[in-house]
Structure formats: structure tokens, C-alpha cells
Amino acid sequence: MGTQKNIAAVTGASRGLGLIMTREFLAAGDTVFALVRNEGTALSLLLRQFPQNLTIIPCDVGSTESVVKAAAETALRTDHLDMLINNAGVNLDLGHAVDFTQTDFDEMEKTFNVNTAGVMRVVKAFDFLLKEGSWSFAVSSSAGSISRNPSTEVEIAYRVSKAALNMAFRLYSNTVRKRKVGTLLIDPGWMRTDMGGPGASCDPEENGRLIVGLLKSAGALGGETLFVDFHGKEVPW
Ligand SMILES: NC(=O)c1ccc[n+]([C@@H]2O[C@H](COP(=O)([O-])OP(=O)(O)OC[C@H]3O[C@@H](n4cnc5c(N)ncnc54)[C@H](OP(=O)(O)O)[C@@H]3O)[C@@H](O)[C@H]2O)c1
């Protein structure tokens, strides 16, 4: 993708990493479809700054109806996407750092519906906009890496949803690779967003910049690499 101008769609662009990536793309002259459940003031302000290059489209990744509608609305304005960025996510375990004995497994499907099925819903609905040379990305987490969690006990629903996302995205990759659509799962690092909290080790602005750079040069990673951190280093499954 290099220095060419890109057309990108970003889920969960209302705040946190999604908003930062949206801002980065716009500052570089790229076009962004911000796919959001709630627009929020930060994105409204950005729209005033970049009225030509930013389009805000309602999209709740937890609802097939909403995602299909968002894809149709996007297709009214572009015939393709260079990048589809699945960033929206929830950690409903936050603040309930409990092990399996206290976890409510009836609640687990809510997390799974956004973090796992939500991504797959989006890639399915937007697939017709991905052409040869397009890229499809998903923001995963090292929390979903089985080998990186040798002794963790808590936030079970979140970790399981990201591990399941990794497998679902691998299977999806195997299909779209045949038509030369690139794919990558990204661990964005522990960032000081609403989700990561104030004690997190990474500045989200810095990681957002690094991640946008990584997405734009993803071709350099080679076709076999699928799960990387924000520096482009492979993360073990
Ligand atoms: N922060 C970290 O330390 C960290 C670490 C590893 C991985 N990640 C991953 O990085 C991604 C971004 O996280 P973040 O830290 O930026 O989180 P965040 O600050 O909590 O923001 C989450 C974003 O996802 C959106 N979202 C949630 N549910 C949605 C739904 N059903 N439909 C559409 N949008 C929805 C939110 O929209 P609303 O404003 O409408 O709620 C918000 O824009 C997530 O996938 C997360 O799992 C984060």
C-alpha cells in the first residue's frame, strides 16, 4: 500500500484505538468510513475537520441487521475498500477479575457476540468490497494467545473470545487468501484507553500511530504471518 491514499473502514471508531487510527488515516489524507455504534463528540469534531474524507456510518457489530445495513451504506459511497479494520471490542470482565469459580458463563455469549461473531459478521457483510490487493485486519489481543497465558486465571470470557477470534480469522484468511485479499490479526498492546485503564503500559496515541504504519506496510510481513504485535513481531498462538 506504501504512500498511496487508502480507503479504510474502521469499526469501533468512536473512542480509544479506533478513534486514534481514524485520526491518523485522515491526517495522512486517507479516506475513512467510521463504523460506529455511538458517534460521540470526538468523531463529530473530526467530521467538521475532514468533511470530504470522513463518513460516519452507524454499525453495531453485535447485530447482523446493523452490519449488513452499514455495508450497503458504505457501498453507496465506494466500490471497494483498501482496508477493513475490525477494531470494535468489549471486555465485560473488566472490574470483575474473578477466576472460573465466580464467572457467570451465561454472560459469556455477550462478549463472544461482539469480539468473535462481531468480527466475522463484518468480514462477511463487507466481503464484496474487498478486491485483489485489499487487506482485512482484526484487532485481537495477546490475552487470546494460549501460550502467553500460562498461569492467568481471570477475565475468562474476554480471553476465550479473542482466542476464538484468532481461529475464526485464520479460517477466514484461508478462504480470502485465494483471491489475494491480505489478512492480519494485531495485538495492540496494553493501552491506556477506557478498556486498558489508566495503569496500562502503552500510550494509545503512540501504539495507534505504530499500528496504522504497520497496516500500511502489512505486505512486507510476507503472506504467512497472521498474528503480530504493534511492532509487527509475531505473537505465538
Ligand atoms: N486497551 C487495551 O489495553 C487492549 C489490549 C488488547 C486488545 N485490545 C483490543 O483493542 C480494540 C480496541 O480497544 P480499546 O482499548 O480502544 O477499547 P475502548 O476504548 O473500550 O473502545 C472500544 C470501542 O469498541 C466499540 N464497540 C464496542 N462494542 C461495539 C459494538 N457492539 N458495535 C460497534 N462498536 C462497538 C466502542 O463503541 P462505543 O463507544 O459505542 O461503546 C468503542 O469505540 C478492542 O478489540 C480490544 O479488545 C485492547
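Just so you know, ligand 1 is whichever comes first in the structure, and atom 1 is the first atom listed for that ligand.
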Is there a donor in the side chain of Ser142 and an acceptor in the side chain of Arg148, or the other way round, less than 3.5 Å apart?
no
For Asn113 and Arg121, does a side-chain donor sit closer than 3.5 Å to a side-chain acceptor?
yes
I'd like the name of whichever of Val122, Val67, Asn113, Asn87 reaches closest to atom 11 (C) of ligand 1 through any heavy atom.
Asn87
Atom of Ala8, atom of Ile85 and distance for their closest heavy-atom approach:
CB-CD1, 4.3 Å
Between Ala143 and ligand 1, find which residue part has any heavy-atom pair under 4.0 Å and reply side chain, backbone, both or neither.
neither
Give the atom numbers and elements of ligand 1 that come within less than 4.0 Å of a heavy atom of Asp60.
30 (C), 31 (N), 32 (N)
Looking only at atom types and distance, does a side-chain atom of Thr116 sit under 3.5 Å from a main-chain N or O of Ser161, one as donor and one as acceptor?
yes
Please say whether Arg37 places an N or O atom under 3.5 Å from an N or O atom belonging to ligand 1.
yes
I'd like to check whether Leu17 has a polar contact with ligand 1, where a contact means an N/O of the residue lying under 3.5 Å from an N/O of the ligand.
yes
Could you tell me, atom by atom, which parts of ligand 1 come under 4.0 Å of a heavy atom of Tyr158?
6 (C), 7 (C), 8 (N), 9 (C), 46 (C), 47 (O)
At a 4.0 Å threshold, what atoms of ligand 1 neighbour a non-hydrogen atom of Gly16?
16 (O), 19 (O)
Are the side chain of Asp229 and the backbone of Gly232 linked by a donor-acceptor contact shorter than 3.5 Å?
yes
Would you mind running through ligand 1 and noting each atom that sits below 4.0 Å from a heavy atom of Val114?
28 (N), 31 (N)
Sub-4.0 Å atoms of ligand 1 with respect to non-hydrogen atoms of Asp194:
19 (O)
Say whether Val36, considering both its backbone and side-chain N or O atoms, lies within less than 3.5 Å of an N or O atom on ligand 1.
no
Where's the contact between Pro204 and ligand 1, heavy-atom distance under 4.0 Å: side chain, backbone, both or neither?
neither
Regarding atom 24 (O) of ligand 1: of the candidates Ser201, Gly118, Ser141, Gly89, which has the closest heavy atom?
Gly89
Any donor and acceptor pair, going by atom type alone, linking the side chain of Arg37 with main-chain N or O of Ser14 inside 3.5 Å?
no
Note: Ser14, heavy atoms under 4.0 Å from ligand 1, region reported as both
Filtering Val139, Asn207, Ile20 for the heavy atom nearest atom 9 (C) of ligand 1 leaves Val139
Quick check against the 3.5 Å criterion: does Asp30 have a side-chain atom that pairs as donor or acceptor with the backbone of Ile7?
no
Okay, side chain of Asn166, backbone of Trp237: is any donor-acceptor separation there less than 3.5 Å?
no
Quickly, which of Asn87, Val32, Asn207, Leu26 forms a side-chain contact (heavy atoms from CB on, under 4.5 Å) with Met21? Name it, please.
Asn87
Element-labelled atoms of ligand 1 that are located less than 4.0 Å from some non-hydrogen atom of Gly62
31 (N)
With nothing but distance in play, are any N or O atoms of Asp187 less than 3.5 Å from an N or O of ligand 1?
no
Considering only heavy atoms, which of Gly197, Gly189, Ala13 lies nearest to atom 5 (C) of ligand 1?
Gly189
Kindly give the heavy-atom pair with the smallest separation between Leu43 and Ala13, and that separation in Å.
CD1-O, 3.8 Å
Mark yes or no for whether Arg48, through its side chain, and Ser44, through its backbone, hold a donor-acceptor pair below 3.5 Å.
no
Can an N or O of Gly12 be found at a distance shorter than 3.5 Å from an N or O of ligand 1?
yes
When you look at Lys233 and Asp187, which way does the salt bridge (charged side-chain N to carboxylate O under 4.0 Å, His left out) test go after all the steps?
CA-CA 10 Å; Lys233 191 168 174 287; Asp187 167 20; over 6 Å; no
Counting only nitrogen or oxygen atoms and a 3.5 angstrom limit, does Val61 reach ligand 1?
yes
